[in-house]
Participant: 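Dropping the structure in here first, questions after.
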Amino acid sequence: MIAEMTYAEASLLALREEMQRDLRVWALGEDLGPEGGLAGQYRGLQTEFGGARICDTPISESMIMAAGVGAALAGTRPVVELRFADFAICAADEIVNQTAKIRYMFNGQTRVPLVIRQAIGMRGGTAAQHSQSMEAWWVHVPGLTVLTPATAADNYGMLKAAIRCDDPVIYLEHKALWGIKGAVDTDAPLVQIGKADKVQRGDDVTIVTWSGMRVECIKAADTLRQRGIAVDLIDLRSLWPWDRDMVMDSVSRTGRLVVAQEAVRVGGFGAEIVAEVSEELWAKLRAPIRRLGAPRCPVPFSMPLEDACRISADMIVKAAVDSVE
Amino acid sequence: MIAEMTYAEASLLALREEMQRDLRVWALGEDLGPEGGLAGQYRGLQTEFGGARICDTPISESMIMAAGVGAALAGTRPVVELRFADFAICAADEIVNQTAKIRYMFNGQTRVPLVIRQAIGMRGGTAAQHSQSMEAWWVHVPGLTVLTPATAADNYGMLKAAIRCDDPVIYLEHKALWGIKGAVDTDAPLVQIGKADKVQRGDDVTIVTWSGMRVECIKAADTLRQRGIAVDLIDLRSLWPWDRDMVMDSVSRTGRLVVAQEAVRVGGFGAEIVAEVSEELWAKLRAPIRRLGAPRCPVPFSMPLEDACRISADMIVKAAVDSVE
Amino acid sequence: MTSREKSAVPPSGLPASAIPLGSNERFLSMLGKMYVIREFEEAAGQEWHAGNIRGSVHQYVGQEAIAVGVCSNLRSDDYISSNHRGHGHSIAKGADPIGMMKELFGREGGTCGGKGGSMHIADFSIGMLGANGVVADGVTIAVGAGHAIKVLKQDRIAVPFFGDGAVNRGPLMESLNWAKIYDLPVLYVCEHNGYAATTRTSDVTAGEGFIARARSFGIEGEEIDGNDIRAVDEVARHLAQRVRGNGPAYIFARTYRHHPHNLRDSGAYRTQDEIDRWKLKDPIKLATSWLLEAGVARAEINAVEGDAKALIARALTAARSAPWPQLSAALENVQDLGAPL
Amino acid sequence: MTSREKSAVPPSGLPASAIPLGSNERFLSMLGKMYVIREFEEAAGQEWHAGNIRGSVHQYVGQEAIAVGVCSNLRSDDYISSNHRGHGHSIAKGADPIGMMKELFGREGGTCGGKGGSMHIADFSIGMLGANGVVADGVTIAVGAGHAIKVLKQDRIAVPFFGDGAVNRGPLMESLNWAKIYDLPVLYVCEHNGYAATTRTSDVTAGEGFIARARSFGIEGEEIDGNDIRAVDEVARHLAQRVRGNGPAYIFARTYRHHPHNLRDSGAYRTQDEIDRWKLKDPIKLATSWLLEAGVARAEINAVEGDAKALIARALTAARSAPWPQLSAALENVQDLGAPL
Ligand SMILES: Cc1ncc(C[n+]2csc(CCOP(=O)(O)OP(=O)(O)O)c2C)c(N)n1
Ligand SMILES: Cc1ncc(C[n+]2csc(CCOP(=O)(O)OP(=O)(O)O)c2C)c(N)n1
Ligand SMILES: [Mg+2]
Ligand SMILES: [Mg+2]
């Protein structure tokens, strides 16, 4: 079946199907039942599956996360909804010191099959404590798989892949994408974790991006096409593992790379890509790599200030042009 | 006065002097009084200053950190001892969402003058939950200053500078350095935050490092000298801000760079240095940059496995030689 | 749970009905503050719907008596901290509603220069240490301020306002232990409006709730009708006195929010009937009818209401016409070293 | 605090003296387990001082009756979780001390292949979900396991062991609320040995401590002499039964650790007198003298002690001669995708 639906609806459908398919799958978090999640990603599921499998919780982020861990060790496959990624930081210990390390410390006696959902990114005035994109943190933590779907189709296919993954998956949905529609083919094979999406092909410059920034990059690529610059645009969608092959192949060909991320540039995941590419393709680069990311400041509330911290299509265009010239 | 003392003793002296100098300075954390801190960094201070200013706390990391924040807002200058850096993750929310953002969100109405001490690194079998080096996390967070002293002199001068800093400072002491002795000149001007230490000069290859890895790099530089390779060795000691000028000057001259870190290589702070240097000095690099760091796995307990995750002097030598050849 | 919680009122608590009345003038001025908050919140809601205010807005309508009653008994150098529903606390502590409205509009001259927005209003000049977007984090910070008061040997007190949803967060529970073992001058104010966002807190709160928890740490306090400004005023005065120079206490105030959690929430988890019943106990209505009975003239009440309306109208005009902040502000006040970048 | 906590024993609690005795055989086998733990711990300490074991070792000496008494009343498919002081819990639940000793030595064949070490021993084959290096995190994980039991409609129970220091961590307090609101089959076992590392817990624990806190969440349980294997056995049987298929309960066991917090700690925060007094109440001594009184022959007791010594001697020999793990193990079992790297 191919249907048009929003990014939020796609994940709702994915979770629903996985819960029907596997009785060990359940979800827990704040306000899942009455509200159906921040963007309706859980709407109707409590009615369908009951309060035990769509479990409304108190405001206890540490315990929400630990409940997921313990329940994963005891034979279930929890979907842990932490809402705003900013609050996931309240459960950082449970994620880093427990979730990520248990399989390893205990030498593979157990796995920790769970999905940790967090909404990242700016969305019109959400300000310093509700706008962060902390993907770089999670990539740095051994044991974690980190996904950043950016389309409805990927939010369907990747959430399913995440739920079926036997290791803990950090699943980062971007708030600004929730309402964006796209075609979802429910019969397509599941997205393979670690495979990037080649959004468009081109030979002049490679642009690597992920999550909400995909939208800006597509705009930028259109503008660049009009200027005669053909972009090889890669939406990584999986940050760990990331699709090294696709990126290296592309940059080997174009010799030029722009990395565009919404997160703070300093210490952002973009640095890892730049470091890897510059180490590996040093001899093939035809221009210095350009790395875009937010300035190192908290996200301000006021609209023009917030905009001043956003990476725009214009900035991406400029970086690509600089690179080509 | 110039005296020989250990890295731990140097920080003890620094804190003692700062507490004598400024009545607003106080310290809080677990087991500071009876034990004097994990490495005796607080030994005798409770007797000298009393339990109110050397405050023993319950095992409540969130509240320890938040107490520091609230107390900084209310006119004191707390030194927040979080012991193992791994437990600081239990207070990540208070650090990231509050400490780091308050000055900015409130538009400079207040500052948050406090020091967050955490012991990082491996030290002989401390295993997965007591060995982490998470400096990359803190550098990525706007609002935080991040220091990693590696010598007794720096642990004296930098702790003082941190306590006098009006912004929150993440202060990372390496467990393996506690017993290492060095000369401390208590009359020297304080270390300026953001200035790296040029450990030795050389024209063939630049090695950038910090914290415990300084020791290995010095060994490596000795070996390299014997092989006729002159190393420009930089101990950053301040990761945010980091001494861009010194690094860029050096690499401009040598054209070659090795970055050596103990932390997990993927997403480690080393990636930021590599990305910056490769972006800025692209045209001047004479060899691909080499970035060393731990494999992306939790720290194993067993000695040979732990050693397999360590960056050794030999590995640094090899990277430098590869770079020069 | 309700009846048992009621019985948990400690012996030191006076029943609200026995609280001696203050002067009419005092209550009239408090009513005025309540009106300012009410008008501010209704205006904020309208402007949000009109697209002039972005982000989240959590209105305090229905709970005004708590902020006003408590803050009327604080000194200006006492500290308060707040949560996501913070406008009322700021106004009650003395923040300027014009600056606050500019803040909600994200404009220059806003209390935080437009950088904070609704959930991040602080005013250090009046001891308001900040609203907070993270549930319960304002509480732990206030306890930290209480710790500084003790270290500095001052005689201020620190007052965190928080909701019944915050009661289940571990850091808040750590704070109760902390405030008690160090005997910090902290007056906890729990605003029990029955809900945490769309969740009925009684469904996710074990045992007797906040009061039982506070008491298990050896912290005593009083339970009050948070919609009765007289009760709040009296108990706050009494407990603020007790806390000053001493250890912690709490106020547990039952109340209700008239509006949804924030302006995006459909409100479907509450019945109209429940809302209507609580609206009958609207703190402003209650105070008005009681003041009329006490001999205050309707005209005087109309006057304070009118003043509030005028003030908020001025705030709106000021906010609408204020310029946007300078773009350079985005990179200012991050930190002294290593910024901007 | 002590006397008031004592009075908090709920009506369901039987005083230890009234507990009917089980068979001598049962207690003799428990004594044997206690000896195994004791010998294991003393050996671990010696080997640490000899430099054969690295990292931290927290010995359980003096507290053996709690692990043994509780685990003797669990099914092998029941779950336990533990803390940094975890050897005793693992052995009591049925882990192989030989594998454990190899683990402490970091050798191949260790319970966790040498990758965990003393603070990270788990044995999923017997429901041991892991020791933990982060105070209180084993508790929240066990509550999560309890949640799975409920989701899967099983009749297991989950039993977290933790110390009196853990009681002040927020996540543990969140867990009490959690276990109660979902009515999870969790039996909390608080081992109150008076200290958290070098801190006297009474100095940093407000109110009546763990029991008062648990009860404020509506969780009941029993306080026992944790050095009396009979008391632990009886109460654990009773409460494990009550918890199975039902909501949470607790055991609050008073005890003492004979040795310092870990092998680096000087122990200066405790008096020799205090230690000596508690050594008189050594759980092994107590059980021995009571078993002798009950007619068990000294030879039988010597036999279980001898067996324990022999077992641990074998464990040491095995550990010393076991090979180091293959270096490739360092990069194994990180995760399926994106590893090794
Ligand atoms: C740590 C954290 N978790 C979740 C949220 C999302 N959230 C914001 S307000 C709220 C409900 C708070 O309820 P309560 O404390 O009762 O305050 P009220 O809204 O009723 O005034 C929630 C869940 C948050 N801001 N912070
Ligand atoms: C979150 C956290 N904070 C601090 C520590 C350091 N630490 C390890 S054990 C311990 C004391 C624990 O005391 P208790 O829970 O009573 O257990 P006991 O050692 O007495 O068995 C401390 C502070 C830790 N491991 N984790
Ligand atoms: Mg509420
Ligand atoms: Mg203890």
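Below, chain A is the first sequence line, B the second, and so on; all start at residue 1. As a basis for the values below, the full set of heavy atoms in this structure was taken, side chains included, without hydrogen atoms, waters or symmetry mates.
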Participant: At a 4.5 Å cut-off on heavy atoms, which part of Y79(D) comes close to chain A: side chain, backbone, both, or neither?
Facilitator: side chain

Participant: Please rank I181(D), N177(D), T140(D), L184(D) by heavy-atom pairs under 4.5 Å with chain A and give me the top one.
Facilitator: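 So the answer, after comparing I181(D), N177(D), T140(D), L184(D), is T140(D).
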
Participant: Could you tell me which portion of E332(D) (side chain, backbone, both or neither) has an atom closer than 4.5 angstrom to a non-hydrogen atom of chain A?
Facilitator: backbone

Participant: Locate the shortest heavy-atom distance separating W178(D) from T57(A); write the atom from each residue and the value.
Facilitator: CH2-CG2, 3.4 Å

Participant: Chain D: which of D93(A), I64(A), V112(A) shares the most heavy-atom pairs with it under 4.5 Å?
Facilitator: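 Of D93(A), I64(A), V112(A), D93(A) has the most heavy-atom pairs under 4.5 Å with chain D.
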
Participant: Look up atom NE2 in H120(D) and atom OH in Y104(A), then write down how far apart they are to the nearest 0.5 Å.
Facilitator: 11.5 Å

Participant: May I ask you to name which of V143(D), I149(D), V151(D), T111(D) has the most heavy-atom pairs under 4.5 Å with chain A?
Facilitator: V151(D)

Participant: On a heavy-atom basis, which atom in V334(D) and which in G143(A) lie closest, and how many Å separate them?
Facilitator: CG1-N, 3.6 Å

Participant: In Å and rounded to the nearest 0.5 Å, what is the OG1 to CG distance from T110(A) to N333(D)?
Facilitator: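 Here the rounded value is 10.5 Å.
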
Participant: Minimum heavy-atom separation for P241(A) to G338(D), with atom names?
Facilitator: CB-CA, 3.5 Å

Participant: Could you measure the distance from the CG atom of D166(A) to the CG atom of D336(D)? Nearest 0.5 Å is fine.
Facilitator: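 So the gap between those two atoms works out to 6.0 Å.
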
Participant: Just by distance, with hydrogens left out, do Q335(D) and T145(A) show a side-chain donor and acceptor under 3.5 Å apart?
Facilitator: yes

Participant: Test side-chain contact (heavy atoms from CB on, under 4.5 Å) on L341(D) and W240(A) and set out the steps.
Facilitator: CA-CA 11 Å; L341(D) 200 113; W240(A) 196 265; 3.7 Å; yes

Participant: With a 4.5 angstrom heavy-atom cut-off, could you sort out which part of D243(A) is near chain D: side chain, backbone, both or neither?
Facilitator: neither

Participant: So how far is it from D137(D) CG to M65(A) CE, rounded to the nearest 0.5 Å?
Facilitator: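 Here the rounded value is 11.0 Å.
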
Participant: Given heavy-atom pairs under 4.5 angstrom as the criterion, report whether the side chain, backbone, both or neither of N107(A) touches chain D.
Facilitator: both

Participant: Shortest non-hydrogen contact from F106(A) to A131(D)?
Facilitator: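 It is CZ-O, 4.2 Å.
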
Participant: Just give me the residue among R103(A), R24(A), E94(A), M105(A) that pairs up with chain D most often, heavy atom to heavy atom, under 4.5 Å.
Facilitator: R103(A)

Participant: Tell me, for R111(A) versus chain D, whether the close heavy atoms (under 4.5 Å) come from the side chain, the backbone, both or neither.
Facilitator: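 Side chain of R111(A) only, per the 4.5 Å heavy-atom cut-off to chain D.
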
Participant: Is a side-chain donor or acceptor of Q109(A) paired with a backbone partner of A122(D) at a separation under 3.5 angstrom?
Facilitator: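 Yes, because the side chain of Q109(A) sits within donor-acceptor range (under 3.5 Å) of the backbone of A122(D).
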
Participant: Highest number of heavy-atom pairs under 4.5 Å with chain D: which of V69(A), L28(A), L73(A)?
Facilitator: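 Among V69(A), L28(A), L73(A), the one with the most close pairs to chain D is L73(A).
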
Participant: Output the distance between atom CE (M63(A)) and atom CE (M173(D)), rounded to the nearest 0.5 Å.
Facilitator: 14.0 Å

Participant: Just checking Q326(D): does its CD atom have more than 12 heavy atoms from other residues, nucleotides or ligands closer to it than 6.0 angstrom?
Facilitator: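 Not more than 12 within 6.0 Å, no.
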
Participant: Pick one of side chain, backbone, both or neither for L144(A), based on which atoms fall under 4.5 Å of a heavy atom in chain D.
Facilitator: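 L144(A) touches chain D through backbone heavy atoms alone.
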
Participant: Of the backbone (N, CA, C, O) and the side chain (C-beta and beyond), which part of L337(D) lies under 4.5 Å from a heavy atom of chain A, both, or neither?
Facilitator: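 Both parts, heavy atoms under 4.5 Å.
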
Participant: I need the residue from K150(D), H147(D), Q154(D) with the largest number of non-hydrogen atom pairs under 4.5 Å to chain A.
Facilitator: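 If we count pairs closer than 4.5 Å to chain A, H147(D) comes out on top.
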
Participant: Heavy atoms only, distances under 4.5 angstrom: which of C165(A), A72(A), C55(A), G194(A) has the most pairs with chain D? Name it, please.
Facilitator: C55(A)

Participant: Working to the nearest 0.5 Å, report the span between CG of L176(D) and OG of S60(A).
Facilitator: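 Rounded to the nearest 0.5 Å, the CG-OG separation comes to 11.0 Å.
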
